[in-house]
Amino acid sequence: MPTSLLTVDQVADRLRVSRWTVYNLIRSRELASLTVGRCRRITEAAVDAYISLRTEQEAA
């Protein structure tokens with residue numbers, strides 16, 4: 001099953017946050033990412049996992 005790689009800007013749009021916030025989430029290891037050359041990419045699965053984790057934390 002192919003996994004889509006998203007840019008930081010695409011993730012920021014999906015989460016309705018700034019690019020800076022996405023980079024902070026990556027830096028704090030709350031959002032998994034990988035580097036392709038000099039570009040930072042995030043899988044759709046990582047974004048979904050982050051949303052699920054935050055939803056569970058908010059429900060607790």
Side-chain angles (χ1 to χ4, degrees):
M1 179 166 129
T3 301
S4 296
L5 294 176
L6 304 171
T7 65
V8 170
D9 287 331
Q10 289 171 324
V11 173
D13 286 343
R14 284 187 182 203
L15 296 177
R16 305 290 193 260
V17 297
S18 68
R19 294 177 74 228
W20 182 254
T21 300
V22 175
Y23 281 116
N24 282 337
L25 291 171
I26 292 169
R27 205 171 291 117
S28 68
R29 299 183 187 259
E30 292 181 66
L31 181 62
S33 69
L34 57 106
T35 304
V36 179
R38 293 179 59 199
C39 301
R40 184 62 63 174
R41 296 291 183 255
I42 302 100
T43 64
E44 285 185 345
V47 175
D48 292 340
Y50 172 75
I51 292 170
S52 295
L53 177 66
R54 293 295 301 174
T55 302
E56 289 174 11
Q57 288 176 344
E58 293 293 325

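The hydrophobic cluster around Leu5 extends to Leu34, Val36, counting ILVMFWY residues whose side-chain heavy atoms fall within less than 4.5 Å of a member.
Contacts of Arg27 classified as side-chain hydrogen bond (donor to acceptor under 3.5 Å, both in side chains), with partners at least two apart in sequence or in another chain: Asn24. In this structure Arg41 satisfies the side-chain hydrogen bond (donor to acceptor under 3.5 Å, both in side chains) test with no other residue, sequence neighbours excluded. Residues satisfying the salt bridge (Lys or Arg N to Asp or Glu O under 4.0 Å) test with Glu44, not counting sequence neighbours, are Arg14. Remark: Glu58 engages Arg54 in a side-chain contact (heavy atoms from CB on, under 4.5 Å) (not counting sequence neighbours). Residues passing the side-chain contact (heavy atoms from CB on, under 4.5 Å) test with Leu53, sequence neighbours excluded: Gln57.
Here the side chains of Ile51 and Leu15 are in contact, with some heavy-atom distance below 4.5 Å. Proximity of Val11 to Leu31: side-chain heavy atoms (C-beta onward) are separated by under 4.5 Å at one or more points.
In terms of modelled atom types and a separation under 3.5 Å, the side chain of Arg16 and the main chain of Asp13 share a donor-acceptor contact.
Scanning both residues, Ala32 and Ala46, for their nearest heavy atoms gives O-CB, 3.6 Å. Nearest heavy atom pair, residue Ser33 against residue Ile42, reads CB-CG1, 3.8 Å.
Under the 3.5 Å distance criterion, with hydrogens and angles disregarded, no donor-acceptor pair is assigned to the side chains of Ser52 and Thr55.
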